[in-house]
**Q** 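Dropping the structure in here first, questions after.
Note that the coordinates shown come from a computational prediction; the quantities given were computed from them, not determined experimentally. Atoms within a ligand are numbered from 1 in the order they appear, just like the ligands themselves.
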Amino acid sequence: MNPLGLGVLGLGEGRSIISAGLQSDLWHVVSLCDTNETLGRERCDEFGVSNFTTDYAAMLANPAVDVIGIYTPDHLHAEHIIRALDAGKHVICAKPFIDNLEQARAVLAAQQRSGKQVMVGQSTRFFAPFMRQREHFDSGALGDLVTIEASYSDDHRWFLNKPWARQAAFKWLYGGISHPADLVRWYLPDVVEVMGYAYLSANGRAGGLVNPDTYHFVLKAADGRIARVSGVYSCPTVPVERDSPMTCILRCTDGASQADYHELRYAWTAGKQEVIESFESRREYYFRFGGNSHHAGEYQNYIEYFARCLERGETPKPDVREGIVTVALMQAMDESTINGQPMRVSDVLARYGLAKLVDDAGG
Ligand SMILES: NC(=O)c1ccc[n+]([C@@H]2O[C@H](COP(=O)([O-])OP(=O)(O)OC[C@H]3O[C@@H](n4cnc5c(N)ncnc54)[C@H](O)[C@@H]3O)[C@@H](O)[C@H]2O)c1
């Protein structure tokens with residue numbers, strides 16, 4: 001296949017997809033765009049790319065760009081997705097896909113009228129231990145899923161240096177919890193109800209955070225299975241030998257497994273076997289710059305998956321529908337922390353005229 005032309009919007013985390021595109025035979029990095037001209041010039045020098053603009057419309061008008069990678073602040077995603085689709089481009093959008101449902105119908109309508117693909121860049125699904133866990137589970141070696149526990153807890157006080165992280169629009173519920181919430185829906189797509197609590201810690205408040213930074217939730221699927229999602233963002237973490245900033249545990253009828261993040265570790269039990277696998281040899285592929293805060297290898301995995309789906313005429317997942325239902329789940333979580341009651345995902349979707357998505361969205 002001919003390499004897909006990539007335009008990158010937002011050059012903070014967008015750095016990772018630039019690196020991914022440059023190292024992939026399936027992609028050609030065509031153009032970079034950011035309203036911050038100084039940063040744009042830095043990225044051009046860093047990656048040897050010459051086509052930079054501060055004008056999104058100019059990048060959208062470039063016929064060599066097939067796909068827009070969106071890495072702008074969360075609250076701008078919906079507008080940027082719609083503009084890309086209306087310009088006839090496919091979209092890969094960083095998580096959280098959108099940060100509220102007000103514009104969900106407009107995003108869905110834009111995708112439908114364009115006929116273009118929209119994939120949510122749920123990076124953790126594309127990290128070695130989590131890919132291995134999924135493939136292992138799908139092999140049947142662990143039996144049937146009983147419950148899943150996913151969490152993402154990391155000391156993200158550094159993130160509060162970004163002015164948009166201190167605005168009322170920014171919520172760790174979307175920025176952080178979108179990872180474990182997506183992991184749960186990957187295995188249990190039909191989560192129907194959620195209950196949880198949230199708290200803004202003294203550390204988060206001191207950093208200028210307006211919304212909570214500490215969350216614990218219990219989720220229920222249509223068939224009665226339950227799951228747990230947690231996230232804590234302004235506290236130190238215990239050593240990685242004992243815990244992982246991002247982890248996903250599957251407890252199944254014939255085995256159990258745990259995928260861990262920065263340690264590139266996967267542990268499982270099935271029958272008499274107890275195994276710990278390491279993907280340490282892949283560290284340089286995944287973490288190319290910026291310590292663990294950028295993880296370009298996951299981006300390379302998901303853009304190559306996206307390109308192969310396009311070649312085969314398949315829909316890359318998570319797609320626009322699955323993305324919107326996950327946002328509805330996060331909104332139900334948010335409302336539960338405010339109301340102190342369990343909230344149903346279908347009620348949230350219905351309020352925005354999106355009830356039909358529950359039947360359509362897959363895992
Ligand atoms: N694991 C992941 O997938 C992952 C990791 C980190 C961040 N992210 C997501 O990436 C997005 C960006 O986060 P970040 O940490 O890079 O933030 P950031 O603030 O460092 O970068 C955002 C960039 O967007 C630019 N920008 C803002 N408005 C713009 C506009 N209208 N047009 C063009 N450029 C504009 C800013 O100048 C800035 O350079 C967020 O949605 C975040 O959740 C995803």
Side-chain angles (χ1 to χ4, degrees), residues 7-20 31-44 46 52-60 65 68-84 87 91-100 119-127 130 150 152 154 156-167 169-183 211 231 233 245-246 248 261-262 286-303 305-306 318 323 326-327 330:
V8 181
L9 182 70
L11 304 179
E13 187 63 21
R15 193 178 178 195
S16 294
I17 198 173
I18 301 170
S19 164
S31 179
L32 310 183
C33 178
D34 198 296
T35 43
N36 180 341
E37 185 153 11
T38 310
L39 181 66
R41 297 287 158 218
E42 258 176 51
R43 291 288 177 255
C44 286
E46 180 181 0
F52 167 74
T53 176
T54 54
D55 180 7
Y56 187 28
M59 185 161 80
L60 292 175
V65 173
I68 302 287
I70 296 175
Y71 297 87
T72 47
D74 303 352
H75 61 282
L76 300 177
H77 290 180
E79 177 205 332
H80 289 149
I81 295 165
I82 292 169
R83 287 181 64 189
V91 170
I92 296 175
C93 182
K95 57 52 39 189
F97 182 42
I98 49 181
D99 68 350
N100 68 70
M119 186 181 91
V120 187
Q122 287 292 168
S123 52
T124 310
R125 287 192 191 193
F126 295 87
F127 193 54
F130 296 84
Y152 176 28
D154 211 350
H156 271 320
R157 279 176 280 182
W158 61 271
F159 198 85
L160 301 178
N161 291 328
K162 300 177 196 277
W164 63 276
R166 299 191 301 273
Q167 291 173 8
F170 178 75
K171 293 187 173 182
W172 274 124
L173 182 69
Y174 293 88
I177 294 282
S178 49
H179 285 292
D182 175 70
L183 288 171
N211 295 304
Y233 299 102
M246 182 107 65
C248 178
Y261 197 72
H262 296 327
Y286 283 100
F287 301 112
R288 300 177 191 177
F289 39 71
N292 287 335
S293 66
H294 293 272
H295 24 95
E298 289 164 48
Y299 293 60
Q300 185 151 350
N301 291 349
Y302 72 58
I303 64 172
Y305 161 75
F306 184 94
T326 298
V327 175
M330 291 187 288

**Q** So, F127 versus H295, ring centres under 6.0 angstrom or not?
**A**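 Ring-ring flag for F127/H295: false, centres at least 6.0 Å apart.
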**Q** With no hydrogens and no angle check, just 3.5 Å: does a side-chain donor-acceptor pair link Y286 and N301?
**A**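 A pair is found: one side chain offers a donor N or O, the other an acceptor, under 3.5 Å apart.
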**Q** Output all residues satisfying side-chain hydrogen bond (donor to acceptor under 3.5 Å, both in side chains) with H75, sequence neighbours left out; order by chain, then residue number.
**A**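 H75 satisfies side-chain hydrogen bond (donor to acceptor under 3.5 Å, both in side chains) with no other residue.
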**Q** Just to verify, what does R41 make a salt bridge (charged side-chain N to carboxylate O under 4.0 Å, His left out) with, not counting sequence neighbours?
**A**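 For R41 the salt bridge (charged side-chain N to carboxylate O under 4.0 Å, His left out) partners, ignoring immediate neighbours, are E37.
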**Q** Pairs under 3.5 Å, N/O atoms on ligand 1 and on the protein: can you put them in a table with the distances?
**A**
unit_1	atom_1	unit_2	atom_2	d
ligand 1	1 (N)	S123	OG	2.8
ligand 1	3 (O)	S123	OG	3.2
ligand 1	3 (O)	Y299	OH	3.1
ligand 1	15 (O)	K162	NZ	3.1
ligand 1	16 (O)	E13	N	2.6
ligand 1	19 (O)	W164	NE1	2.7
ligand 1	20 (O)	K162	NZ	2.7
ligand 1	34 (N)	T35	N	3.4
ligand 1	37 (O)	D34	OD1	2.5
ligand 1	39 (O)	D34	OD1	3.4
ligand 1	39 (O)	D34	OD2	2.7
ligand 1	41 (O)	T72	O	3.2
ligand 1	41 (O)	D74	OD1	2.6
ligand 1	41 (O)	H77	NE2	2.9
ligand 1	43 (O)	D74	OD1	3.1
ligand 1	43 (O)	K95	O	3.0
ligand 1	43 (O)	K95	NZ	3.3

**Q** Return the set of residues passing side-chain hydrogen bond (donor to acceptor under 3.5 Å, both in side chains) with E46 (not counting sequence neighbours), or none when no residue passes.
**A**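 For E46, the residues satisfying side-chain hydrogen bond (donor to acceptor under 3.5 Å, both in side chains) (neighbours in sequence not counted) are R15, R43.
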**Q** Check whether the ring centres of Y299 and F126 lie less than 6.0 Å apart, and answer yes or no.
**A**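 Ring centroids of Y299 and F126 are no less than 6.0 Å from each other.
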